There are 2 protein chains.
Amino acid sequence: MARNSTRPTSRDVARAAGVSQAAVSLVFGDKWRGRVSETTAERVRAAARRLGYRPNLAARNLRLGRTRTVLLVVPALTTEFFGGVYTGAARVAAEHGFGLVLYPSPEGVGPARDPFPSARAALDGVIASSMAAEALTALRGDELPLVMLDSDPQGSPGATTVNLDIAAGMRAVAGHLLGLGHRRFLHLAADVPSWTFEVRARELAAHLGGIPGAELRTARAPLSIEGAVAAARTALTAPGPRPTALVCDDDLLAAGACKAARRLGLRVPEDLSVTGVDDLGLASALEPELTTVRLDAELFGERGMQALLAVLEGRPPAVGDIPVELVVRGSTAPPGAAGNEGGHTP
Amino acid sequence: MARNSTRPTSRDVARAAGVSQAAVSLVFGDKWRGRVSETTAERVRAAARRLGYRPNLAARNLRLGRTRTVLLVVPALTTEFFGGVYTGAARVAAEHGFGLVLYPSPEGVGPARDPFPSARAALDGVIASSMAAEALTALRGDELPLVMLDSDPQGSPGATTVNLDIAAGMRAVAGHLLGLGHRRFLHLAADVPSWTFEVRARELAAHLGGIPGAELRTARAPLSIEGAVAAARTALTAPGPRPTALVCDDDLLAAGACKAARRLGLRVPEDLSVTGVDDLGLASALEPELTTVRLDAELFGERGMQALLAVLEGRPPAVGDIPVELVVRGSTAPPGAAGNEGGHTP
DNA sequence: CTCGTAGAGTGTTACGTATAACGTGACCCC
DNA sequence: GGGGTCACGTTATACGTAACACTCTACGAG
């Protein structure tokens, strides 16, 4: 069994089946209907099976000039959010015969290094989160169709944008907290340069800043629980009247904020209402469970992939932001709502 | 500027620089030292820059028969753990000029569908988590070098295995809880067919089952917070004496278990000690913070990639499991430790 | 003066596939 | 019975690159 270690090619299959290489190609492509008889096709398939033939995809890609494979560029996978985006995008991709590979831009790797030494070999297009901006500079040179997720529609010339209606989410948060009676707000903002966080800040400013008697301060934290703990501690112990509501850009930040509040002896929500964004599993595991803006990550991924497929096929991509939903849970309450607890008002 | 829309090739660059295509190839490969003069090389590079030339990687891959790209197959990205694995593996890969793409096996997608329509075009090897077993069946046909993460060393013929020393972690948990005085244990096991979870169960049985007077029960839950809530509720309300310590296969399960305990009016750790595995961000965001077995995901990824590189280069891969660390936090205490709380013993 | 060697390149071929262009019988219809 | 489809294939070529096998000049050693 000194079989040659090199893999069989379509020519080998052709020889074994007694047909031409072209016929094998036709059978393994999918346009052999009316060109090759069913019996011949089956003979080819049998020979291929016998030899263990698998088409050489590098050769196919070279020949076709396209690959039916798409790259999804996301920031570091520190939460399950982008896992959901991937799942949704991959589902739509699979329905259209496309493959999807994921490129998480590594933390702390600068834009200088080429992130895709060779993987780029097989890409028809790219979907990229605006939070992974650094990795994108390396893609500028390739003129691949590009869909940007959560990115400034005006700021990405030549790219299609697909966005969550995060502005509506922040308006809902503002409305919810105002309705509960809060007036002193702290915005715990993600210290990440990304359009989606700019929108959150802008929207909060517009809908809390304009209210008579309302006050909005801002603190910044890196996008991690530990970072949020530190930033929230600093902000909550700052001089002046303490805020009664803490609006966080993200559930991770909210989790850190809750932890910091606990350490400072503040009760959530009696002394401090806290909100997040994302609705991670974390949000409902916390005590109290987190009021948050639920983002449908899978739908986000689906819409992103649909937009890219539209671009690839020359169709106009669908427009319209993806709706989000405010989920009210236990971490928000009227300010000073300790009454039902038994007079713990100092 | 009616430029031809097709991208420039090495031949175009050669023409523009007044050299042969072979010379361009030599310059863009990296073995032109002693074959092409520095001045000529610079002329080639200048022409390439002017034309916006980028090597066609599909052609290169076809010609070379290898790609310096590796695939990492992981289960659905429901926690940040595999993000860490990716980060570590990608770092090592980059140091060796390799690229790394990530393939999360989509939830609920059976093994029938080919998960890599075309991405497989450019793969030199595969690193796969044993938890993503389903996706692996589709890879059987390709005879790619394979490194398995957290997989039975005996059960994967032809594959190299890299494992966390999860057995030591479970022994540490058992020792910790026994030392605190616990004797009635419940193991909340992940209902996922994977070697790593089998090891946890086996190790717990060996080190808790053998103790005189000790009792170990087992409940199973899908690997999610919601699943754990339901399973823990059922197990904790079962007839018979309630366990005092709940050993969970994973932090997600532990988070769900804590939530279920709270809903049943049980306090953690006074009425029930809870432990997890992973040390996710979640673990330290919970109240109380979770005692857990910390797994170094990045190191795991690094070692996996190093093993694959060794296989690719014909070197023997390093052996030895990766150490883990028990992190004791607030979710474990001696059984019935409610004394300092003020006599809440019913 | 001849030989060997190193430097600086070039011509050609092969990687494995997909497809346009080209037969070739057979059948059918007027 | 001639021409027009059809059904079923084959031949030949191109995709863009890397590498083998050359050529040619210069130069120092023997």
Side-chain angles (χ1 to χ4, degrees), chain A residues 4-45 47-48 51-68 117-118 120-124 142, chain B residues 4-45 47-48 51-68 117-118 120-124 142:
Chain A
N4 200 335
S5 74
T6 168
R7 291 154 92 103
T9 73
S10 61
R11 216 173 309 268
D12 297 328
V13 175
R15 225 181 324 264
V19 297
S20 73
Q21 178 267 328
V24 177
S25 177
L26 288 173
V27 170
F28 273 84
D30 251 354
K31 199 49 193 173
W32 56 279
R33 287 162 265 261
R35 317 254 304 126
V36 173
S37 72
E38 176 54 50
T39 60
T40 305
E42 188 45 51
R43 192 150 38 92
V44 168
R45 280 190 286 260
L51 298 182
Y53 168 72
R54 321 209 109 199
N56 180 317
L57 297 177
R60 172 177 291 175
N61 289 343
L62 171 61
R63 178 63 229 246
L64 292 178
R66 76 193 141 72
T67 64
R68 302 188 82 73
S118 227
R120 220 167 15 193
L123 292 184
D124 280 355
D142 312 317
Chain B
N4 201 335
S5 72
T6 169
R7 290 156 93 104
T9 74
S10 61
R11 216 174 308 269
D12 297 328
V13 175
R15 226 183 321 266
V19 298
S20 72
Q21 179 267 331
V24 177
S25 177
L26 287 173
V27 171
F28 273 83
D30 250 355
K31 198 50 193 173
W32 56 278
R33 289 160 265 261
R35 316 256 304 125
V36 174
S37 71
E38 175 55 49
T39 60
T40 305
E42 188 46 52
R43 192 149 39 92
V44 168
R45 281 189 286 259
L51 298 182
Y53 168 72
R54 320 208 110 199
N56 181 317
L57 297 177
R60 171 176 292 177
N61 289 343
L62 171 60
R63 181 62 230 247
L64 291 178
R66 76 192 140 72
T67 64
R68 302 188 83 72
S118 234
R120 221 166 15 190
L123 292 183
D124 280 356
D142 312 317

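Everything numeric here is computed off the predicted structure, so don't read it as measured data. First the proteins, then the strands, lettered A, B, ... as listed; each starts at 1.
- Among the protein residues, S25(A) comes within range of the nucleic acid bases, having at least one heavy atom under 4.0 Å from a base atom.
- Nucleic acid contact class of V24(A) (heavy atoms, under 4.0 Å, all strands): none.
- In this structure, Y53(B) atom OH and dG16(D) atom C1' are separated by 8 Å, rounded to whole Å.
- Atom P of nucleotide dT10(D) and atom CH2 of W32(A) are separated by 15 Å, given to the nearest angstrom.
- You'll find the side chain of F28(B) reaches within 4.5 Å of the side chain of V44(B), heavy atoms only.
- Put simply, CG on L26(B) is 9 Å from P on dA18(D), counting in whole angstrom units.
- Atom-to-atom, CG of D30(B) to P of dA18(D) comes out at 11 Å; the value is rounded to the nearest Å.
- A41(A) approaches W32(A) most closely through the heavy-atom pair CB-CZ3, 3.8 Å.
- At whole-Å resolution of the value, CG in N56(A) and C1' in dC15(D) are 13 Å apart.
- The shortest distance between the side-chain N/O atoms of R60(B) and the OP1/OP2 oxygens of dG16(D) is not below 4.0 Å.
- Taking the nucleotide of DNA chain D with the nearest heavy atom to each of R11(A) and T39(A), the more 5' of the two is matched to T39(A).
- Using a 4.0 Å heavy-atom distance criterion, L62(B) is classed as a base contact.
- In plain terms, the two heavy atoms of R43(A) and G18(A) that are nearest each other are NH1-O, 4.3 Å.
- Nearest-nucleotide positions on DNA chain C place V36(B) closer to the 5' end than the other of P8(A) and V36(B).
- With L62(B) as the fixed residue, the side chain to side chain contact (heavy atoms under 4.5 Å, CB included) test singles out one of N56(A), L57(A), N61(A): N56(A).
- In this structure, R11(A) contributes its side chain and P8(A) its backbone to no donor-acceptor pair below 3.5 Å.
- If you check dA19(D), dA21(D), dT17(D) against the side chain of R35(B), the one that comes closest is dA21(D).
- R7(B) has its CZ atom 16 Å from the P atom of dC15(D), to the nearest Å.
- With a cutoff of under 4.0 Å to any heavy atom of chain B, the contacted region of DNA chain C is bounded 5' to 3' by dG7(C) to dG16(C).
- The only member of T9(A), D12(A), V36(A), V19(A) that meets side chain to side chain contact (heavy atoms under 4.5 Å, CB included) when paired with V24(A) is V19(A).
- Of the two residues contacting DNA chain C, namely R43(B) and R63(B), the nearest-nucleotide position lying further toward the 5' end is that of R43(B).
- The CG-P distance, from N61(B) to dA18(D), rounds to 10 Å in whole Å.
- Rounding to the nearest 0.5 angstrom, the gap separating the OG atom in S25(B) from the CZ atom in R60(B) is 7.5 Å.
- Look at CD on E38(A): it is 11 Å from P on dG9(D), rounded to the nearest Å.
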